[in-house]
Amino acid sequence: MRIDILTVLPELLESPFNHSIIKRGKDKGLIDIQVHDIRTFSEDKHKRVDDYAFSGGAGMVMTIQPIESAINHLRSQRDYDEIIYMTPDAPTLTQRTANMLSLKKNIIILCGHYKGVDQRIRDNFITREISIGDYVLTGGELAAAIVVDSVIRLIPGVISDETSALTDSFQDNLLSPPVYTRPAEYKGWKVPEILLSGNEKLVEEWKMKEAYRITKERRPDLLEDNE
Ligand code: ADE
């Protein structure tokens with residue numbers, strides 16, 4: 001899978017993609033993440049990428065030209081399945097969206113800044129808009145990093161234990177049951193007996209019951225979605 005990220009702050013994305021699991025996915029050739037500085041595509045003599053909003057008010061708007069040039073440059077090299085815009089005024093990222101995106105081959109992610117991008121970019125280029133939650137960040141970069149992380153860990157081979165992504169919270173609209181490791185008893189705090197029983201069927205039943213209990217307690221809205 002190839003992911004091209006368009007941003008005015010490429011430095012912000014240097015660290016998240018060069019460590020741990022994402023780095024391993026890159027090293028194995030399973031994912032290719034390229035970060036592009038939108039400014040380098042600006043035809044303005046001062047390399048400006050923003051301007052005042054016609055509607056007035058505080059805040060600058062990202063202009064069309066550098067973004068269009070960047071997208072066209074990428075599209076001249078390969079076909080893209082999705083051109084995603086990170087913005088708070090969009091549907092919220094869910095596990096279902098991450099699952100769906102993990103099946104794509106090439107995607108572009110555009111990070112908004114200032115007051116966002118000129119609406120005509122959204123109308124004419126963007127195929128999907130994603131928010132990571134009902135709060136406003138200073139830009140779309142950290143949000144893009146979260147989308148990329150949630151997607152690439154689902155690509156077979158990126159995380160070593162492939163089944164573990166399938167049993168994550170949200171995969172079946174349930175939160176995960178609690179997990180325990182050794183020792184079986186620590187300062188009198190005991191691991192639930194059933195997990196030590198070695199009876200796989202009972203353990204599975206316990207996990208399912210706990211997943212329902214926790215979901216009902218913390219996120220009842222997820223259970224409604226299942227109906
Ligand atoms: N840019 C600023 N805030 C954002 C959010 N919540 N989600 C996605 N992109 C954003």
Peer 1: If I compare all heavy atoms of Pro192 with all of Trp206, which pair ends up nearest, and what's the gap?
Peer 2: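 Scanning both residues completely, I find the closest heavy atoms to be CG-CZ2, 3.9 Å.
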
Peer 1: Test your reading of the model: is there a side-chain donor-acceptor pair from Gln65 to the backbone of Glu43, 3.5 Å cut-off?
Peer 2: yes

Peer 1: Hey, is Glu205 close enough to Lys209 for a salt bridge, meaning N to O under 4.0 Å?
Peer 2: no

Peer 1: Walk me through it: do Asp89 and Ser131 pass the test side chain to side chain contact (heavy atoms under 4.5 Å, CB included)?
Peer 2: CA-CA 7 Å; Asp89 56 340; Ser131 163; over 6 Å; no

Peer 1: Rounded to the nearest 0.5 Å, what separation is found between the OH atom of Tyr85 and the CD1 atom of Ile108?
Peer 2: 15.0 Å

Peer 1: Sub-3.5 Å donor-acceptor pair from the side chain of Asp81 to the main-chain atoms of Lys104, do we have one?
Peer 2: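 The answer is no, because no donor-acceptor pair under 3.5 Å joins these two groups.
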
Peer 1: Here's a test for you: under side chain to side chain contact (heavy atoms under 4.5 Å, CB included), which of Ile126, Leu101, Leu110, Ile3 qualifies with Ile84?
Peer 2: Leu101

Peer 1: So, do Leu9 and His113 sit near enough that their side-chain heavy atoms are less than 4.5 Å apart?
Peer 2: yes

Peer 1: Hey, quick one: are Ile38 and Val61 part of the same hydrophobic cluster, counting side-chain heavy atoms closer than 4.5 Å, chains of contacts allowed?
Peer 2: no

Peer 1: Flag yes if more than 12 heavy atoms outside Glu217 fall under 6.0 Å of its CD atom; otherwise flag no.
Peer 2: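 Buried by this count: over 12 neighbours within 6.0 Å.
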
Peer 1: Taking Ser150 for its side chain and Val147 for its backbone only, find out whether a donor-acceptor pair lies under 3.5 Å.
Peer 2: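 Yes, Ser150 side chain to Val147 backbone: donor-acceptor pair under 3.5 Å.
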
Peer 1: To the nearest 0.5 Å, what is the distance between CG on Asp168 and CD on Gln95?
Peer 2: 6.0 Å

Peer 1: Is there a path of hydrophobic side-chain contacts, each under 4.5 Å between heavy atoms of I/L/V/M/F/W/Y residues, joining Ile194 to Tyr212?
Peer 2: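 No; Ile194 is not reachable from Tyr212 via cluster members.
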
Peer 1: Please check: side-chain N/O of Thr63 versus main-chain N/O of Val49, any donor-acceptor pairing under 3.5 Å?
Peer 2: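 Judged by distance alone, yes, a pair lies under 3.5 Å.
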
Peer 1: Distance-only, no hydrogens or angles: does the Thr7 side chain make a donor-acceptor pair with backbone N or O of Asp37 under 3.5 Å?
Peer 2: no

Peer 1: I want to check something: taking the side chain as every heavy atom from C-beta on, are Phe125 and Asn72 in contact at a cut-off of under 4.5 Å?
Peer 2: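 Side chain of Phe125 against side chain of Asn72, heavy atoms only: contact under 4.5 Å found.
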
Peer 1: If every non-hydrogen atom of Phe170 is compared with every non-hydrogen atom of Leu222, which pair is closest and at what distance?
Peer 2: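 Of all heavy-atom pairs spanning Phe170 and Leu222, the closest is CE2-CD1, 3.8 Å.
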
Peer 1: Rest of the hydrophobic cluster containing Tyr186 (Ile/Leu/Val/Met/Phe/Trp/Tyr, side-chain heavy atoms under 4.5 Å)?
Peer 2: Trp189

Peer 1: Rounded at 0.5 Å granularity, tell me how far NZ in Lys47 sits from OG in Ser42.
Peer 2: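 Reported value, rounded in 0.5 Å steps: 5.5 Å.
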
Peer 1: Work out which heavy atom in Ile214 is nearest to a heavy atom in Ser176; give both atom names and the distance.
Peer 2: CD1-O, 4.0 Å

Peer 1: Using modelled atom types only, decide if a donor and an acceptor are shared between the side chain of Thr94 and the backbone of Thr97 within a distance under 3.5 Å.
Peer 2: yes

Peer 1: If Ile, Leu, Val, Met, Phe, Trp and Tyr residues are connected whenever their side-chain heavy atoms lie under 4.5 Å apart, and connections chain through other members, are Val8 and Leu6 in the same group?
Peer 2: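 Yes, Val8 and Leu6 fall within the same hydrophobic cluster.
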
Peer 1: Is the number of heavy atoms from other residues, nucleotides or ligands within 6.0 Å of CG (Asp134) greater than 12?
Peer 2: no

Peer 1: Is it true that, when you exclude Tyr180 itself, more than 12 heavy atoms of the residues, nucleotides or ligands shown sit nearer than 6.0 Å to its OH?
Peer 2: yes

Peer 1: Checking the side chain of Lys115 only, and the main-chain atoms of Met60 only, is there a donor and an acceptor separated by less than 3.5 Å?
Peer 2: no

Peer 1: For Met86 and Ala143, work out which heavy atoms get closest and say how close.
Peer 2: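 In terms of heavy atoms, the two residues are closest at CE-CB, 3.6 Å.
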
Peer 1: Which atoms form the tightest heavy-atom contact between Arg48 and Pro66, and what is the distance?
Peer 2: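 Minimum heavy-atom contact is O-CG, 4.2 Å.
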
Peer 1: Are the side chain of Asn124 and the backbone of Arg120 linked by a donor-acceptor contact shorter than 3.5 Å?
Peer 2: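 Present.
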
Peer 1: For Arg182, I'd like to know if atom CZ has over 12 heavy atoms of other residues, nucleotides or ligands within 6.0 Å.
Peer 2: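 Atom CZ in Arg182 is not crowded, with 12 or fewer foreign heavy atoms closer than 6.0 Å.
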
Peer 1: Look up atom CG in Leu154 and atom CD1 in Ile159, then write down how far apart they are to the nearest 0.5 Å.
Peer 2: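 Result: 7.0 Å between the selected atoms.
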
Peer 1: When clusters are formed by joining ILVMFWY residues with side-chain heavy atoms under 4.5 Å apart, either directly or through shared neighbours, do Leu93 and Ile152 land in the same one?
Peer 2: yes

Peer 1: Does any part of the side chain of Ile130, heavy atoms only, come nearer than 4.5 Å to the side chain of Pro91, both counted from C-beta?
Peer 2: no

Peer 1: Which of these passes side chain to side chain donor-acceptor pair (under 3.5 Å) with Asp4: Gln77, His36, His73?
Peer 2: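 Among Gln77, His36, His73, the one meeting side chain to side chain donor-acceptor pair (under 3.5 Å) with Asp4 is His36.
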
Peer 1: If you count every heavy atom of other residues, nucleotides or ligands that lies below 6.0 Å from Lys28 atom NZ, does the total exceed 12?
Peer 2: yes

Peer 1: Tell me, do Ile83 and Arg75 make a side-chain contact under 4.5 Å, heavy atoms counted?
Peer 2: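 Heavy-atom side-chain distance check passes, below 4.5 Å.
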
Peer 1: Looking at side-chain heavy atoms only, is the closest gap between Gln34 and Asp32 below 4.5 Å?
Peer 2: yes

Peer 1: What's the separation between atom CD1 in Ile146 and atom CD1 in Ile132, rounded to the nearest 0.5 Å?
Peer 2: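 It comes to 3.5 Å.
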
Peer 1: State whether a side-chain donor-acceptor pair under 3.5 Å links Glu129 with Thr87.
Peer 2: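 Short answer, no.
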
Peer 1: Are Ile109 and Phe17 connected in a single hydrophobic cluster, I mean Ile/Leu/Val/Met/Phe/Trp/Tyr linked by side-chain heavy atoms less than 4.5 Å apart?
Peer 2: yes

Peer 1: Start with the C-alpha distance between Asn18 and Glu14, add both sets of side-chain angles, then the distance that settles side-chain hydrogen bond (donor to acceptor under 3.5 Å, both in side chains), and finish with yes or no.
Peer 2: CA-CA 7 Å; Asn18 286 313; Glu14 266 161 30; over 6 Å; no

Peer 1: Would you please test Glu204 and Lys207 for salt bridge (charged side-chain N to carboxylate O under 4.0 Å, His left out) and show each step?
Peer 2: CA-CA 5 Å; Glu204 276 317 305; Lys207 282 190 192 170; 3.6 Å; yes

Peer 1: Taking the side chain as everything from C-beta on, heavy atoms only, tell me whether Leu175 gets closer than 4.5 Å to Arg219.
Peer 2: yes

Peer 1: Using a cut-off of 6.0 Å, state whether more than 12 heavy atoms not belonging to Met100 lie near its atom CE.
Peer 2: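 Atom CE in Met100 is crowded, with more than 12 foreign heavy atoms closer than 6.0 Å.
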
Peer 1: How about Asp79: does its CG atom have over 12 heavy atoms from other parts shown lying under 6.0 Å from it?
Peer 2: no

Peer 1: Donor-acceptor pair, Ser102 side chain versus Val151 backbone, under 3.5 Å?
Peer 2: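 It does not hold such a pair.
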
Peer 1: Identify the two heavy atoms, one from Pro220 and one from Arg218, that lie closest to each other, and give their separation to 0.1 Å.
Peer 2: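 Heavy atoms of Pro220 and Arg218 come nearest at CD-C, 3.5 Å.
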
Peer 1: Can you tell me if CZ on Arg213 sees more than 12 non-hydrogen neighbours from other groups inside 6.0 Å?
Peer 2: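 Count over threshold, so yes.
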
Peer 1: Under the side chain to side chain contact (heavy atoms under 4.5 Å, CB included) criterion, do Val158 and Ile155 qualify, and how do the steps go?
Peer 2: CA-CA 6 Å; Val158 170; Ile155 296 170; 3.8 Å; yes

Peer 1: Hey, does the side chain of Thr92 reach the backbone of Gly133 with a donor-acceptor pair shorter than 3.5 angstrom?
Peer 2: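 Checked: no pair found.
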
Peer 1: Do Leu223 and Asn173 have side chains that get closer than 4.5 Å, going by heavy atoms?
Peer 2: no

Peer 1: Please examine the side chains of Arg2 and Ile107, heavy atoms only from C-beta on, and report whether any two atoms are closer than 4.5 Å.
Peer 2: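 Ile107 vs Arg2: side chains apart.
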
